[in-house]
Amino acid sequence: MPEKYQLPSRFGVHAPMAGGLMKSLQWAVDAGCNALQLFSGNPSAWVGVPWKQDLCDQFDAERRARDITPCVLHTPYLINLASPDDGIWTKSRKMLEDAINQARRSGSEYVNSHIGSHMGNGMEAGIARVIEALRAVLEADDSDVVVLLETTNGSGRLVGSRFEELAEILNALPHLSHRMGVCIDTAHIWATGYDISTAKATRAMLKEFDNLVGLDRLKCIHANDNRRALGGHSDVHEDIGEGTIGPAAFKVLVNDARLAHVPFILETPKKNPADDRRNLERIRSYQNQR
Ligand SMILES: [Zn+2]
Ligand SMILES: [Zn+2]
């Protein structure tokens with residue numbers, strides 16, 4: 001098929017880390033993934049434990065043999081690259097470095113991170129801190145791991161809810177553009193107030209993103225429905241198509257050839273791999289069905 005007609009083909013989930021790397025990979029296999037996301041470390045701890053290299057090698061070989069790619073490492077939730085507090089900001093930089101090192105060791109292509117809060121210091125000050133942190137971390141790192149800035153849910157003082165804020169960060173570091181990208185979380189942008197309840201509205205959102213950031217810099221989509229209202233600044237993830245967003249947005253996204261390069265990672269509610277398998281089957285079934 002000519003490239004321009006290719007559609008997104010990589011669909012995965014955030015696999016739980018209980019039991020270690022190989023158990024997570026097995027979860028992804030059981031769920032029917034061909035892409036994967038994991039936490040880079042304990043999601044509620046500052047200090048990470050480096051994964052053993054032999055385990056990383058085993059994980060990487062098995063993942064590639066099963067054609068599960070890319071692998072995205074999600075940084076712990078404590079990270080705050082926008083913080084005006086030097087102590088927190090320095091620990092957050094270290095956390096990003098640690099995640100990049102886990103990615104390098106484990107052969108993972110992406111590190112996905114929440115950006116953080118300006119903690120009352122104002123959006124411009126927060127953005128300046130983020131730019132400074134990314135510049136320092138990425139200029140000192142010679143790997144090809146790509147850092148993805150995830151859209152946030154519009155609550156409080158969080159940086160990165162609006163596409164304009166993400167564009168400002170990326171545009172400040174043009175020499176690092178090959179090392180940075182954006183992850184759109186559908187539940188988060190819905191919470192911020194980007195209407196994606198219809199096909200038309202979803203196309204308009206993509207157009208706005210393309211104008212401000214560029215679809216070539218969209219490297220991942222977290223595909224989640226939301227139980228909360230549009231613009232409610234709150235996200236409680238729901239099964240694909242069964243929340244307040246509904247199926248229309250997901251049908252548009254998986255059928256857009258401009259997103260053929262984008263992996264879709266589901267962070268939907270789950271008790272076991274069968275729950276993930278059901279949501280993956282649903283989103284895949286939306287292809288060629290607009
Ligand atoms: Zn996230
Ligand atoms: Zn997400």
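Heavy-atom basis, side chains included; hydrogens, waters and symmetry copies ignored. For ligands, and for the atoms within them, numbers begin at 1 and follow the listed sequence. The first residue in the sequence is number 1, and the count goes up from there.
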Side chains of [X] and [Y]: do they bring a donor and an acceptor to under 3.5 Å?
X    : Y    : result
N226 : E238 : no
E124 : H118 : no
D185 : N224 : yes

Of all N/O/S atoms in E267, the name of the one nearest the Zn ion (ligand 2) = OE1
request  = Restricting to N/O/S, name the atom of D185 that gets closest to the Zn ion (ligand 2).
outcome  = OD2
ask   = Is the distance between the Zn ion (ligand 2) and the nearest N/O/S atom of H222 smaller than 2.8 Å?
value = yes
message = Tell me whether the NZ or CZ atom of R228 lies within the 45° cone about the ring axis of W190 and under 6.0 Å from its centre.
response = no
task = Over 60° means perpendicular and under 30° means parallel, so classify the ring planes of H114 and Y77, tilted if in between.
result = tilted
query = Do any N/O/S atoms of E150 come under 2.8 Å of the Zn ion (ligand 1)?
reply = yes
ask   = Taking the Zn ion (ligand 1) as the vertex, how big is the angle to NE2 in H74 and NE2 in H114, rounded to 10°?
value = 100°
